[in-house]
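As structure tokens, the structure follows; a few thoughts come after it.
Letters A, B, ... are given to chains in the order of the sequence lines, protein chains preceding strands, and every chain is numbered from 1.
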Number of protein chains: 2
Amino acid sequence: MSTETIGEKLRELREAKELPLRKVAALLDIDVAILSKMERGERKLSKDIVLKLADIYGHNPDELLVLFLSDKIMYEIQDEDLGEKALKVAEKKVKYLKANKNK
Amino acid sequence: MSTETIGEKLRELREAKELPLRKVAALLDIDVAILSKMERGERKLSKDIVLKLADIYGHNPDELLVLFLSDKIMYEIQDEDLGEKALKVAEKKVKYLKANKNK
DNA sequence: CTAACTTTGACACTTATTGTCAATAGAAAG
DNA sequence: CTTTCTATTGACAATAAGTGTCAAAGTTAG
């Protein structure tokens, strides 16, 4: 499933390694409470934390970053009827920018 | 072009009607400075303001909302190499949620 | 029960966002 | 050049949002 959130994915990875929040939080040098909340989507993650966790869990960082970014996108369009249309327009914009990045 | 920003579009609409910032700002009950900055992308717009402007300019609100939302999305993925992938994953998530909205 | 792990909520602190205002700049008209 | 209307800019205070820290309470396994 790619419908899971970055938090859910990170919890899966941590539990697969059988690492307690305590140890991972220590490696990240943050409070256990914050990491707990991040995994449950109660606190926002940062790109920096996501990359560090990819390293700690030995997981592909790009996959986690995509989940992280798509979560941020979902947050912007949640409950919006026009969300899907907005995503398509955003794709057009990205492609347009990529095609004209030299200018 | 759908590559324009919501701010640029709103300025176009206002100038097409030959309305000064002063008058539109009065209708919105906000400061002229804020409206000026919103049109130039220096301040964030709110959904509420966008809808009021659609009404003032007699323009399709959905089209403006899509531009507004896609701008917010673009802001989240700007400068990200994985932006396009994240958009596709977000689309999947939206479709998944829509298919399971009854549950 | 005890011990390790996790969740929750309160709090102070910092950063971002917002509204208000006045000064400045630009263009058109007399 | 001066007046007038319009738009931009930057400073400021007020508010909201995000962050880190801590302790208490809940959960689970032995």
Side-chain angles (χ1 to χ4, degrees), chain A residues 4-54 56-57 64-65 67-80, chain B residues 4-54 56-57 59 64-65 67-80 86:
Chain A
E4 67 189 342
T5 67
I6 177 67
E8 287 164 351
K9 180 69 182 181
L10 290 172
R11 173 146 293 189
E12 272 177 32
L13 291 172
R14 181 174 62 80
E15 290 179 342
K17 294 263 176 183
E18 293 185 10
L19 288 167
L21 284 175
R22 178 178 52 78
K23 287 191 180 178
V24 178
L27 290 172
L28 293 172
D29 195 30
I30 64 175
D31 194 286
V32 180
I34 293 178
L35 185 57
S36 169
K37 287 169 183 170
M38 283 175 170
E39 287 186 347
R40 288 171 299 108
E42 207 179 308
R43 287 265 176 136
K44 286 181 181 171
L45 282 147
S46 67
K47 187 178 178 179
D48 186 57
I49 295 279
V50 171
L51 291 175
K52 282 180 182 167
L53 288 171
I56 290 170
Y57 300 143
L64 296 184
L65 279 180
L67 269 182
F68 167 66
L69 291 172
S70 64
D71 269 16
K72 295 213 291 181
I73 293 168
M74 290 303 290
Y75 179 78
E76 294 298 335
I77 63 175
Q78 65 185 175
D79 310 323
E80 293 287 349
Chain B
E4 67 188 343
T5 65
I6 177 67
E8 287 164 352
K9 181 69 182 180
L10 290 173
R11 172 146 295 189
E12 272 176 33
L13 291 172
R14 182 174 61 80
E15 291 179 340
K17 295 262 177 183
E18 293 186 7
L19 289 167
L21 284 176
R22 178 178 51 77
K23 287 191 180 178
V24 178
L27 290 172
L28 294 172
D29 195 30
I30 64 174
D31 194 286
V32 180
I34 293 178
L35 186 57
S36 168
K37 286 169 184 170
M38 283 175 169
E39 286 187 348
R40 286 171 301 107
E42 207 179 308
R43 286 263 177 138
K44 287 179 181 172
L45 282 146
S46 68
K47 187 178 177 179
D48 186 57
I49 294 280
V50 172
L51 291 176
K52 283 179 182 168
L53 287 172
I56 290 171
Y57 300 144
H59 197 270
L64 295 184
L65 278 180
L67 270 181
F68 167 65
L69 291 172
S70 65
D71 269 16
K72 294 213 293 181
I73 293 168
M74 289 304 289
Y75 180 79
E76 294 298 334
I77 64 175
Q78 68 186 174
D79 310 324
E80 292 287 349

Go through the N and O atoms of the side chain of A:K37 and the base of C:dG9, and report whether any donor-acceptor pair is under 3.5 Å.
yes

Just to confirm, is there a sub-4.0 Å distance from OP1 or OP2 of C:dT7 to any side-chain nitrogen or oxygen of A:R22?
no

Quick one: is D:dT8 close enough that its OP1 or OP2 comes under 4.0 Å of any side-chain N or O from B:S36?
yes

Looking at A:R43, I'd like to know whether one of its side-chain N or O atoms comes within less than 4.0 Å of OP1 or OP2 on C:dT8.
no

So what does B:L21 hit on the nucleic acid, given a heavy-atom distance under 4.0 Å: a base, only sugar-phosphate, or nothing?
sugar-phosphate

Can you measure A:M38 atom CE to C:dT8 atom C1' for me and round it to whole angstrom units?
16 Å

Rounded to the Å, how far apart are B:L19 CG and D:dC5 P?
17 Å

What is the distance, to the nearest angstrom, from the CG atom on A:D31 to the P atom on C:dC13?
17 Å

Using whole Å, what does the distance between atom P of nucleotide C:dA16 and atom OH of B:Y75 come to?
9 Å

Send over the distance from B:I30 CD1 to C:dT18 C1', rounded to a whole Å.
11 Å

Around atom CD of A:E18, are there more than 12 heavy atoms from other residues, nucleotides or ligands closer than 6.0 Å?
no

Take B:I34 and B:M38 through the test side-chain contact (heavy atoms from CB on, under 4.5 Å) and record every step on the way to the result.
CA-CA 6 Å; B:I34 293 178; B:M38 283 175 169; 3.6 Å; yes

From the list D:dA7, C:dT7, D:dG18, which nucleotide is the closest neighbour of the side chain of A:K44?
D:dG18

Among B:V24, B:L27, B:L13, which residue meets the side-chain contact (heavy atoms from CB on, under 4.5 Å) test with B:L53?
B:V24

Would you say A:R40 reaches C:dT8's phosphate, i.e. side-chain N/O to OP1/OP2 under 4.0 Å?
yes

Calculate the interatomic distance between A:K72 atom NZ and D:dG18 atom P; express it in whole Å.
12 Å

Nearest-angstrom distance from the residue atom CG of B:L35 to P of C:dT20
14 Å

With respect to the phosphate group of C:dT7, does any side-chain polar atom (N or O) of A:R11 fall under 4.0 Å of OP1 or OP2?
yes

Side-chain heavy atoms of B:E76 within contact of A:L69, under 4.5 Å:
no

Proximal nucleotide (of D:dG20, D:dG18, D:dC22) relative to the A:I34 side chain:
D:dG20

To check you understand the geometry: which heavy-atom pair defines the closest contact between A:L10 and A:Y57, and what is its length?
O-CE1, 3.8 Å

Check the distance between D:dT19's P and A:I49's CD1 and give it to me in whole angstrom.
10 Å

